Asks: 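First, the structure itself, so that you have it in front of you.
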Protein chains: 2
Amino acid sequence: MASTPDHADAPGDGAAPAERLPVTQRAIDHIKGMIADGLLQPGDRLPTERDLAAELGASRSSMREAIRALTTLGVLEARHGAGVYVTPLRPGDLLETFSVLAEISQGETLIEVLQVRRMLEPAATALAAARADDAQLRRLAGILERIGTGESEGETVAADLSFHQAIVEITGNATLVAVNDGLSSRTFNARVWHGHREAGLSARLREDHERIYQALHDRDPDAARAAATTHVMEVERWLRGHLGSSQRD
Amino acid sequence: MASTPDHADAPGDGAAPAERLPVTQRAIDHIKGMIADGLLQPGDRLPTERDLAAELGASRSSMREAIRALTTLGVLEARHGAGVYVTPLRPGDLLETFSVLAEISQGETLIEVLQVRRMLEPAATALAAARADDAQLRRLAGILERIGTGESEGETVAADLSFHQAIVEITGNATLVAVNDGLSSRTFNARVWHGHREAGLSARLREDHERIYQALHDRDPDAARAAATTHVMEVERWLRGHLGSSQRD
DNA sequence: GCGTAGAAGTGGTCGGACCAATCGGGCGGC
DNA sequence: GCCGCCCGATTGGTCCGACCACTTCTACGC
């Protein structure tokens, strides 16, 4: 944890212990601190870059880099001509960055990602099975129909992603949605479907999804957990068989 | 996915791609693309900021902001005087940013975070129970002794974090370690211990950890899963009882 | 009263300058 | 000939001041 060194910066503590941190880093900590201390609440507007820079004795360039860093993290949002604002700080915003992981990772890391999903998805699916209402189930059924049916592999991949996302959303846990999102990648999903199609195993993948839906429809958490586990393991099985073969071109 | 706007759509106006994106964003995409395409591999050194800026027709300021963004994401690493390098792209690096979540989130989001941990930790602990070797168990035992014994609450909190981290590390899954790390916060942990001590429930927390250790020692995954679940739920129980009361110090 | 044009405010970009840390090569001492 | 120190070139870090692009608010005219 703690990208920033813990300096017990007690409020009012004046004995400046020779902060040798880079200016930009100090600016980042300063703003982060204002949020953590409640001085800045979600939706609040920050002072202008020029004012903030003056306040910290830093240049506007450094302050801009600090703001850019926090913008990247999803903590701040800059609106051209209007000002800089604190985001709602919802998990989804903060974890957007998270997506780089699934986007960039390769090889062994993909296996690790799948192992984490194997822990999360079964639990999430079981929870969803206990909570799903009729409208949500109808929506799921609609998405399921688009999986593995049409000729377009792209639509199947998109529907697949939507399917799992919709299930996780049923849990009502935005943090879970964000984490799960970060562990899923469109390009990886596409590779899985393409590989299965080539091996004549598309049907197997579709059946996985049907079983998951059925379990949710039956409000059967145990069945849901099992179906989700089976599905993730199927993907993992495929990945282990294809590691290293289709990595680089 | 979706940190980058899809330029694939744009139905009507097919002609000009019209890259209207902000300069800095274009620079970010450029570098990210070079990594995704394998032009830049982990450990590689990037051209100098000045060269990169010239290459893209951008100013050095904008290029620096782009580099700052990717540095924040854990993709790049800048070494003063030496150059900018691509990180090993290990999950731990990429998820460092992740820690802002537990660091900043409050109220309801904390509950959500705990629910995610309730999915991950039992599974991770069960896996660890099946894999732990003697040396790892001895190390765990050593950490366990520091939990809830001495007078220093700070040491207990630190040991608590180490304990769970060590267990997750036994799984050998770096991605899992990183995710779990991001969901844990020292300040939150401190609040939990402080609250329990005030209520005279420190012993209960310590017993939780002892049960987890015992299960690992017995190489009993089921018991480990149960013990971990119980522990997370205990924390969740406490949090629900204290939401809104003791936010800030 | 309403819409519009203009002014002020604010983030976005630029170019150049200088500081500070690093690295490499050359010079001198052993 | 080898080792070590020092100096200069390279490169990231910071600062400044200017201008552009977008938003917002205001005052003007209809």
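As the structure is a prediction and not an experimental result, all values here were calculated from the model.
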Asks: Rounded to whole angstroms, how far apart are CG on B/L76 and P on D/dG13?
Replies: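 Taking CG of B/L76 and P of D/dG13, I get 11 Å after rounding.
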Asks: I want to verify a distance call: between D/dC16, D/dG12, D/dT23, whose nearest atom is closest to the A/A82 side chain?
Replies: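 The answer is D/dT23, which lies nearest to the side chain.
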Asks: For residues A/Y85 and A/L40, determine if any side-chain heavy atom of one lies less than 4.5 Å from a side-chain heavy atom of the other.
Replies: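 The answer is no, as the side chains (C-beta and beyond) never meet within the 4.5 Å cut-off.
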Asks: Just the rounded figure in Å: distance from P of D/dA18 to CZ of A/R50.
Replies: 12 Å
Asks: In whole Å, I'd like the distance from the CZ atom of B/R64 to the P atom of D/dC15.
Replies: 11 Å
Asks: How does protein contact run along nucleotides 5-10 of chain D, one letter per nucleotide 5' to 3', with B for base contact, S for sugar-phosphate only, - for none, heavy atoms under 4.0 Å?
Replies: -----B
Asks: Give a yes or no answer on whether the side chain of B/N180 reaches the backbone of B/V177 with a donor-acceptor pair at less than 3.5 Å.
Replies: no
Asks: For A/R79 and B/R68, find the nucleotide of DNA chain D closest to each by heavy atoms; which residue's nucleotide sits nearer the 5' end?
Replies: B/R68
Asks: So, do A/E153 and A/H194 sit near enough that their side-chain heavy atoms are less than 4.5 Å apart?
Replies: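 Yes, close enough: below the 4.5 Å cut-off.
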Asks: Would you mind reading off the distance between A/R60 atom CZ and D/dA18 atom P, rounded to a whole angstrom?
Replies: 13 Å
Asks: Once you round it to whole Å, what is the distance between C1' of D/dG13 and CD1 of A/I28?
Replies: 13 Å
Asks: Are A/K32 and A/L70 close enough that some pair of their side-chain heavy atoms sits under 4.5 Å apart?
Replies: yes
Asks: Once you round to the nearest 0.5 Å, how far does CE of A/M119 lie from CG of B/L127?
Replies: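 The CE atom of A/M119 sits 5.0 Å away from the CG atom of B/L127.
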Asks: Please identify the 5'-most and 3'-most nucleotides of DNA chain C with any atom under 4.0 angstrom from a heavy atom of chain A.
Replies: C/dG9 to C/dT13
Asks: Can you check whether A/S61 has a side-chain N or O nearer than 4.0 Å to OP1 or OP2 of D/dG13?
Replies: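 So the side-chain polar atoms of A/S61 never come under 4.0 Å of the phosphate oxygens OP1 or OP2 of D/dG13.
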Asks: Taking B/R118 for the side chain and B/V232 for the main chain, is one N or O donor matched with an acceptor at less than 3.5 Å?
Replies: no
Asks: Quick one: are A/D160 and A/I143 in side-chain contact, heavy atoms under 4.5 Å?
Replies: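 The answer is no, as the side chains (C-beta and beyond) never meet within the 4.5 Å cut-off.
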Asks: Tell me what A/S62 touches on the nucleic acid: a base, only sugar-phosphate, or nothing, going by heavy atoms under 4.0 Å.
Replies: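 Sugar-phosphate only.
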Asks: Rounded to whole Å, how long is the line connecting atom CD of B/E77 with atom C1' of D/dG12?
Replies: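 These atoms are roughly 13 Å apart.
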Asks: Verify, without hydrogens or angle tests, whether A/Q136 (side chain) and A/D133 (backbone) share a donor-acceptor contact under 3.5 angstrom.
Replies: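 Such a contact is found between A/Q136 side chain and A/D133 backbone.
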Asks: I need the A/R186 CZ to A/L161 CG distance, nearest 0.5 Å.
Replies: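 Taking CZ in A/R186 and CG in A/L161, the distance rounds to 5.5 Å.
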Asks: Just how far, in rounded Å, is C1' of D/dT11 from CD1 of B/I67?
Replies: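 Taking CD1 of B/I67 and C1' of D/dT11, I get 11 Å after rounding.
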